[in-house]
Amino acid sequence: MSLEVKNLKKAYGDKVVVDNLSFEMPGPGVYALLGTNGAGKTTFARCLCGLEKKASGAITIKGKTYLRKKRLNQCYMVMQNPSHQLFTEDVLDEVLLSMDGDEEENRPIAEKILSDLNLTPFTERHPMSLSGGQQQRVAVASAVASGREIMIFDEPTSGLDFRHMEEVAKVLGKLQKAGKTLFIITHDPELIERCCDYFIFIENGEVS
């Protein structure tokens, strides 16, 4: 996986949030997106995924420049508030929703992903009945199940205790070994220590 971001810019009205941001990744791995609150990290991530409609610049993946709608099929983003992306009636169906192909064939794979994140006891629960930390892990499970090459996690350990943070870290490590490219927006030094290969510092909407 190679990825180049060139002159990415995003403004909300007169306020420029991402300002001609450019960088090239050295290769696949886990990238920590670091910076103060309001620096532009989440806006950059949303632009990368194609979630922001009016952003300028070019994003090239494996030598091919993708327009916004095409990037939606290349990337998966776990938002900081996972309740915004939970749609089904139970946890297992939530994970299956992210998977292509036959549901019955996918079921054991989804169950293994839930087991890795210690979510098996909640398989038949409605996602919105879970705690914030549990919802966060369900959203991570859905990202893993999607199989996308590029995954972005916005504060994936927010609301998690140390044990569950380690479970998320192990899953992210497995994705890394599988050759996925991960961007992690985080202020969690323990997660950074366990997972991240590279660091991208964003300040005032630019790579610093």
Side-chain angles (χ1 to χ4, degrees), residues 1-82 84-85 98 100 136 139-140 142-144 146-158 168 172-173 175-189 191-193 195-208:
M1 170 64 67
S2 61
L3 187 149
E4 182 181 6
V5 178
K6 189 172 182 180
N7 299 328
L8 187 65
K9 185 172 183 177
K10 172 63 183 177
Y12 298 100
D14 295 331
K15 182 176 176 56
V16 177
V17 181
V18 173
D19 191 10
N20 290 322
L21 188 151
S22 299
F23 67 90
E24 186 173 357
M25 295 187 344
V30 184
Y31 294 77
L33 290 174
L34 307 176
T36 58
N37 290 333
K41 304 183 298 298
T42 297
T43 300
F44 157 70
R46 288 177 57 83
C47 292
L48 175 61
C49 285
L51 294 173
E52 292 290 349
K53 293 183 178 180
K54 296 181 179 180
S56 61
I59 295 176
T60 303
I61 302 170
K62 292 184 177 179
K64 182 179 179 180
T65 300
Y66 285 86
L67 298 178
R68 181 187 72 84
K69 289 184 178 180
K70 294 293 184 181
R71 294 201 303 275
L72 290 169
N73 297 321
Q74 299 288 322
C75 307
Y76 193 104
M77 182 172 180
V78 174
M79 301 176 185
Q80 188 169 359
N81 187 343
H84 291 165
Q85 54 189 138
S98 297
D100 296 326
Q136 193 79 19
V140 171
S142 295
V144 175
S146 75
R148 302 287 173 82
E149 291 297 319
I150 300 173
M151 301 182 194
I152 300 172
F153 301 87
D154 194 350
E155 299 286 357
T157 57
S158 175
V168 169
L172 297 179
L175 291 171
Q176 175 194 25
K177 290 178 181 178
K180 305 296 184 182
T181 297
L182 312 180
F183 290 91
I184 302 176
I185 301 170
T186 184
H187 294 95
D188 186 341
L191 181 66
I192 293 170
E193 179 184 359
C195 294
C196 298
D197 306 309
Y198 307 98
F199 306 94
I200 300 172
F201 293 90
I202 297 179
E203 184 177 0
N204 297 323
E206 300 178 323
V207 173
S208 61

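Note that this is a predicted model, so its numbers are computed, not measured. In this chain, numbering begins with 1 at the start of the sequence shown. What you see below is based on every heavy atom in this structure, not just the backbone, and it leaves out hydrogens, waters and symmetry mates.
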- Pairwise side-chain contact, Pro156 with Val78, heavy-atom cut-off 4.5 Å (strictly under): no

- Task: Report the distance from atom OH of Tyr31 to atom CG of Leu3, rounding to the nearest 0.5 Å.
- Result: 8.5 Å

- Gln80: what forms a side chain to side chain contact (heavy atoms under 4.5 Å, CB included) with it, not counting sequence neighbours? Asp154, Glu155

- With a 4.5 Å heavy-atom cut-off, do Leu191 and Phe153 have their side chains touching? no

- Nearest heavy-atom pair of Gln74 and Arg148: which atoms, and what distance? O-CB, 3.8 Å

- Can you list the residues that meet the side-chain hydrogen bond (donor to acceptor under 3.5 Å, both in side chains) rule with Thr60, with sequence neighbours excluded? Thr65

- For Thr157, all residues meeting side-chain hydrogen bond (donor to acceptor under 3.5 Å, both in side chains), sequence neighbours excluded: Asp188

- Message: Please enumerate all residues that pass side chain to side chain contact (heavy atoms under 4.5 Å, CB included) together with Cys75, with sequence neighbours excluded.
- Response: Cys49, Ile150

- Where is the tightest heavy-atom contact between Ile184 and Cys196, given as atom of each residue plus distance? CD1-SG, 4.4 Å

- Between the OG1 atom in Thr42 and the CG atom in Asn37, the distance rounded to the nearest 0.5 Å is 9.0 Å

- Of all residues at least two apart in sequence or in a different chain, which pass the side-chain hydrogen bond (donor to acceptor under 3.5 Å, both in side chains) check with Asp197? Gln176

- Note on the structure: To the nearest 0.5 Å, atom CG of Leu172 lies from atom NZ of Lys177 at 12.5 Å

- Between Tyr198 and Phe23, is the gap from one ring center to the other below 6.0 Å? no

- Message: Distance check, rounded to the nearest 0.5 Å: Met25 atom CE versus Ile61 atom CD1?
- Response: 9.0 Å

- Task: Check Gly40 against Ile202 and note the closest heavy-atom contact, atom names and distance.
- Result: C-CG2, 4.4 Å

- Just by modelled atom types, is the Gly147 backbone N or O under 3.5 Å from a matching donor or acceptor in the Lys180 side chain? yes

- Message: List the residues meeting side-chain hydrogen bond (donor to acceptor under 3.5 Å, both in side chains) with Arg71, not counting sequence neighbours, and say none if there are none.
- Response: none

- Other residues, nucleotides, ligands: >12 heavy atoms within 6.0 Å of Asn204 CG: no

- Is atom CG of Asn73 surrounded by more than 12 heavy atoms (other residues, nucleotides or ligands) closer than 6.0 Å? yes

- Smallest heavy-atom separation, Ala55 atom then Cys47 atom, equals CB-SG, 3.7 Å

- Message: Contact between Ile200 and Phe183 at the side-chain level, heavy atoms closer than 4.5 Å - yes or no?
- Response: yes

- Message: Could you check whether any side-chain N or O of His187 sits under 3.5 Å from a backbone N or O of Gly35, counting only pairs where one atom can act as donor and the other as acceptor?
- Response: yes

- Exactly one candidate in Lys69, Lys9, Arg46 meets salt bridge (charged side-chain N to carboxylate O under 4.0 Å, His left out) with Glu52; the answer is Arg46

- Query: How long is the span from the CG atom in Leu48 to the CZ atom in Arg68, to the nearest 0.5 Å?
  - Reply: 13.0 Å

- Shortest non-hydrogen contact between Pro28 and Gly179, atoms and distance: CB-O, 4.1 Å

- Message: For Met151 versus Ala143, what's the shortest heavy-atom pair and its separation?
- Response: CE-O, 3.4 Å

- Note on the structure: dist Thr43:OG1 -> Lys41:NZ (nearest 0.5 Å) comes out at 9.5 Å

